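Report on one structure; see the data block that follows.
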2 protein chains.
Amino acid sequence: MATSRQPGNEDTAARTLDVAERLVQLRGYNGFSYADIAAELGISKASLHYHFPGKAELGEAVIGRYASRFADALVEIDRRGAEAPAKLDAYARIYADVLTDRRMCLCGMLAADYDTLPESMRRAVIGFFDDNEAWLTGVLEQGRDEGALHLSGSASEAAQAIVSGLEGALLVARPYGDVARFQAAARRLLESVVGAAPRTGASSG
Amino acid sequence: MATSRQPGNEDTAARTLDVAERLVQLRGYNGFSYADIAAELGISKASLHYHFPGKAELGEAVIGRYASRFADALVEIDRRGAEAPAKLDAYARIYADVLTDRRMCLCGMLAADYDTLPESMRRAVIGFFDDNEAWLTGVLEQGRDEGALHLSGSASEAAQAIVSGLEGALLVARPYGDVARFQAAARRLLESVVGAAPRTGASSG
DNA sequence: GTCTATAACGAGATAGAC
DNA sequence: GTCTATCTCGTTATAGAC
């Protein structure tokens, strides 16, 4: 596709989503404005409204793309065909990567902002957690059936504990600017689900 | 003290803190305004500025009172002189109570807003977590020494996992409006620290 | 698809009367 | 301590030219 794309220039809509996504993760839905994005991209606020009529539509698009990318990452983990403990480790790794440039998980941040979100964004946040928990539930059931891990309680309950545990570990580690704090909490969390201690995938701990 | 206090009328500063605290817990630091508080109290914005010159000072006062009340609750748990597992259960109960009227923990919410907070508020948020983890570390060491629980890893690392685990459980349970979801995650979390299953203190299942 | 200009509103904050 | 009035600025959004 020989479009008019210049070196390093995605189209404006995608670059807008890049900046908006980062700002939501850093400052929350009520902590940034169209002016912030426009300044960073070097375009006018009016141009942003051409691509995303209102902040609600922008927010929906940001969540949609983020959730889609997250889902792709889960598919990729499945494709590699590892055992359940390694899958859980790879899952936690996605969260750790978010933290490396001091971001919060997008949907964890939006969970905090939940009461102030437009309805369409609320549904998307809930959907993100539901999808994650469904995938984790499958992995945990796989691991239980293969004997690779022993669950206390149901797989879906354990999945919920993993999601909320990782979100909380991000939430608290971020003010400290301390990735090791996240890693320690994540390792404990997975060890409470997995029988044997899993490799953590990161050498920073 | 026969002040001019009418029935049900705390002084304005205290009532302002009540409303501001609830709004921060529900909507975040950037999700409410002086106008919101003034409308709810039936006074003018200017009157609020008399008691709290700026939003930063109001925010500091809100955290200060919250952290002080939280610290009092920990002292009260110690005063009852129970064993470590019961103390942990009582600690989790404080978090569960926050959720019952759909609030987030104040400092969990402010941890999400961290990048947008004035410096004095940032220090107070960190201090809140530090104090909680210090208290929990003491309880866990007590429990280990009494043989009431067996820790994997250090007491302070376990304390950090408990704080972040409970904060995350609140964060994720709140969009679902589901207290049981918090309770299940909290129970699993404490069971991963305490050897025997502790009583949860709540009958909600 | 991007711009300038501006509307319409809300935010945090101050002055000064009562 | 509380009020009205006002200021200044930021935010979301639209109109219409290029």
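Each chain gets a letter, A, B and so on, in the order the sequences are listed, and its residues count up from 1. What you see is a predicted model; the values in this text were computed from it and never measured.
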Margin query: Looking at B:Asp97 and B:Arg93, is any side-chain nitrogen of the basic one under 4.0 Å from a carboxylate oxygen of the acidic one?
Written below: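 Yes.
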Checklist line | For DNA chain D, the residues among residues 49-62 of chain B that have a non-hydrogen atom under 4.0 Å from it | finding: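 Close to the strand are B:Tyr50, B:His51.
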Checklist line | Sorted by number, the residues of residues 29-37 of chain B with heavy-atom contact under 4.0 Å to DNA chain C | finding: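 Heavy-atom contacts with DNA chain C come from B:Phe32, B:Ser33, B:Tyr34, B:Ala35.
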Notebook entry, point to check: In chain order, what residues pass the side chain to side chain contact (heavy atoms under 4.5 Å, CB included) check against B:Arg80, with sequence neighbours excluded?
Noted result: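 B:Arg80: side chain to side chain contact (heavy atoms under 4.5 Å, CB included) contacts with B:Glu76, B:Ile77, B:Ala90.
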Next item on the list: Please identify each residue that fulfils side chain to side chain contact (heavy atoms under 4.5 Å, CB included) with A:Ala71, with sequence neighbours left out.
Entry: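 Result, side chain to side chain contact (heavy atoms under 4.5 Å, CB included) vs A:Ala71: none returned.
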Could you pull out all residues at least two apart from [X] that satisfy side-chain hydrogen bond (donor to acceptor under 3.5 Å, both in side chains)?
{"X": "A:Thr100", "answer": "none"}
{"X": "A:Tyr34", "answer": "none"}
{"X": "A:Ser47", "answer": "A:Ser44"}

Restricting to ring pair (Phe, Tyr, Trp, His ring centres under 6.0 Å), what partner residues turn up for [X], sequence neighbours left out?
{"X": "A:Tyr91", "answer": "A:Tyr95, A:Trp135"}
{"X": "B:Tyr114", "answer": "none"}
{"X": "B:His51", "answer": "none"}
{"X": "A:Phe128", "answer": "A:Tyr66, A:Phe70"}

Interface polar pairs with nucleotides 3-7 of chain D, N/O, under 3.5 angstrom:
unit_1, atom_1, unit_2, atom_2, d
D:dC3, OP2, B:Ser44, N, 2.7
D:dC3, OP2, B:Ser44, OG, 3.0
D:dC3, OP2, B:Ser47, OG, 2.7

Notebook entry, point to check: So, is A:Thr12 near the phosphate of C:dG1, with a side-chain N or O under 4.0 Å from OP1 or OP2?
Noted result: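 No, A:Thr12 has no side-chain N/O under 4.0 Å of OP1/OP2 on C:dG1.
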